[in-house]
Amino acid sequence: MNIEELRELCMNVKGAEECMPFDEDTMVYKVMGKMFAYFPLTPKNGDFCVNMKCDPEKTLELRDRYNGIVKAIHVGDSLMWNTIYIQSDVPDKLIKDLITHSVSEVIKKLPKIRQKEYREL
């Protein structure tokens, strides 16, 4: 997967919006005003990566299984975010599934009425 394919996957999420609230190098993707993914436009140590929300119970399993999934950059000790190197041992299909999972994690934390609004988009 390359950075353009990653952007396309994020933009294909129902209700996705793209913005750059942090700086001119970080793309942020949101649904219902909440962030589900962000990534730098320049590679880190030669590799492109994306940061996504993840169920804490799934986080450690993913980090143990794949060298390309590590503790998220800029979020402290949180188990709720992973950094995924997109040109690593992480399959493209899994990256796509993790985008969907990240969106689900965002939506399930919204108030019920906002969850309903999202489902009706």
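Keep in mind that the numbers below use all heavy atoms, side chains included, and drop hydrogens, waters and symmetry copies.
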**Fill in**
dist Leu6:CG -> Ile86:CD1 (nearest 0.5 Å) comes out at 5.0 Å

**Prompt:** Does atom NZ of Lys14 have more than 12 heavy-atom neighbours, drawn from other residues, nucleotides or ligands, at distances under 6.0 Å?
**Reply:** yes

**Request:** Please check if Val13 and Leu110 belong to a single hydrophobic cluster, counting links between Ile, Leu, Val, Met, Phe, Trp and Tyr side chain heavy atoms closer than 4.5 Å.
**Result:** yes

Please report, to 0.1 Å, the donor-acceptor pairs under 3.5 Å made by any side chain of residues 53-62, with sequence neighbours excluded.
unit_1 : atom_1 : unit_2 : atom_2 : d
Asp55  : OD1    : Glu57  : N      : 2.8
Thr59  : OG1    : Asp55  : O      : 3.1
Thr59  : OG1    : Leu79  : O      : 2.6

**Message:** Is any side-chain heavy atom of Glu105 closer than 4.5 Å to one of Ser102?
**Reply:** no

**Test side chain to side chain contact (heavy atoms under 4.5 Å, CB included) applied to Met52 and Ile99, Val103, Asn82, Thr83, the passing residue** = Ile99

**Asked** Does the pair Arg7 and Tyr29 meet the rule for a side chain to side chain contact (heavy atoms under 4.5 Å, CB included), with working shown?
**Response** CA-CA 9 Å; Arg7 179 187 179 273; Tyr29 296 87; 3.1 Å; yes

**Request:** Heavy atoms only: give me the nearest Lys30-Cys19 pair and the separation to one decimal.
**Result:** CE-SG, 3.8 Å

**Asked** Can you tell me how far CD of Glu5 sits from NZ of Lys96, rounded to the nearest 0.5 angstrom?
**Response** 11.5 Å

**Message:** To check you understand the geometry: which heavy-atom pair defines the closest contact between Ile3 and Pro40, and what is its length?
**Reply:** CD1-O, 4.1 Å

**Request:** Dump the intermediate steps for side chain to side chain contact (heavy atoms under 4.5 Å, CB included) on Leu98 and Ile69, then the final yes or no.
**Result:** CA-CA 11 Å; Leu98 289 172; Ile69 299 180; 4.1 Å; yes

**Asked** So how far is it from Glu24 CD to Leu41 CG, rounded to the nearest 0.5 Å?
**Response** 10.0 Å

**Message:** Less than 3.5 Å apart, any donor N or O on the side chain of Asp23 or Thr26 sitting next to an acceptor on the other?
**Reply:** yes

**Prompt:** Taking the side chain as C-beta and beyond, is there a heavy-atom pair between Glu17 and Met11 under 4.5 Å?
**Reply:** no

**Student check: side-chain heavy atoms of Val28 and Phe22 closer than 4.5 Å** = yes

**Complete:** Rounded to the nearest 0.5 angstrom, the CE-CD1 distance for Met1 and Ile95 is 4.5 Å

**Prompt:** For the side chain of Asp89 and the backbone of Asn67, is there at least one donor-acceptor N/O pair under 3.5 Å apart?
**Reply:** yes

**Request:** Determine whether Phe48 and Val50 fall in the same hydrophobic cluster, where Ile, Leu, Val, Met, Phe, Trp and Tyr are linked whenever their side-chain heavy atoms lie under 4.5 Å apart.
**Result:** yes

**Message:** I'd like to check Val31 versus Tyr118 (side-chain heavy atoms, cut-off strictly below 4.5 Å). Are they in contact?
**Reply:** yes

**Asked** Does atom CG of Leu121 have more than 12 heavy-atom neighbours, drawn from other residues, nucleotides or ligands, at distances under 6.0 Å?
**Response** yes

**Request:** Please confirm whether the backbone N or O of Glu117 pairs with a side-chain atom of Glu120, one donor and one acceptor, at under 3.5 Å?
**Result:** no

**Item:** Euclidean distance, Gln115 CD relative to Lys108 NZ, rounded to 0.5 Å
**Value:** 10.0 Å

**Message:** I need the minimum non-hydrogen distance between Cys49 and Phe39, along with the two atoms involved.
**Reply:** O-CB, 3.0 Å

**Item:** Closest approach of Cys10 to Phe36 (non-hydrogen atoms, all atoms of both residues)
**Value:** O-CZ, 3.7 Å

**Asked** What's the shortest heavy-atom distance between Met35 and Trp81, and which atoms?
**Response** O-CH2, 3.8 Å

**Item:** side chain to side chain contact (heavy atoms under 4.5 Å, CB included) between Arg119 and Ile107, worked out
**Value:** CA-CA 9 Å; Arg119 285 191 304 272; Ile107 298 303; 5.8 Å; no

**Fill in**
Rounded to the nearest 0.5 angstrom, the CD-CG distance for Gln87 and Asp92 is 9.5 Å

**Message:** Please find the pair of heavy atoms, one from Tyr66 and one from Leu94, that lie closest to each other, and give the distance.
**Reply:** CE1-CD2, 3.4 Å

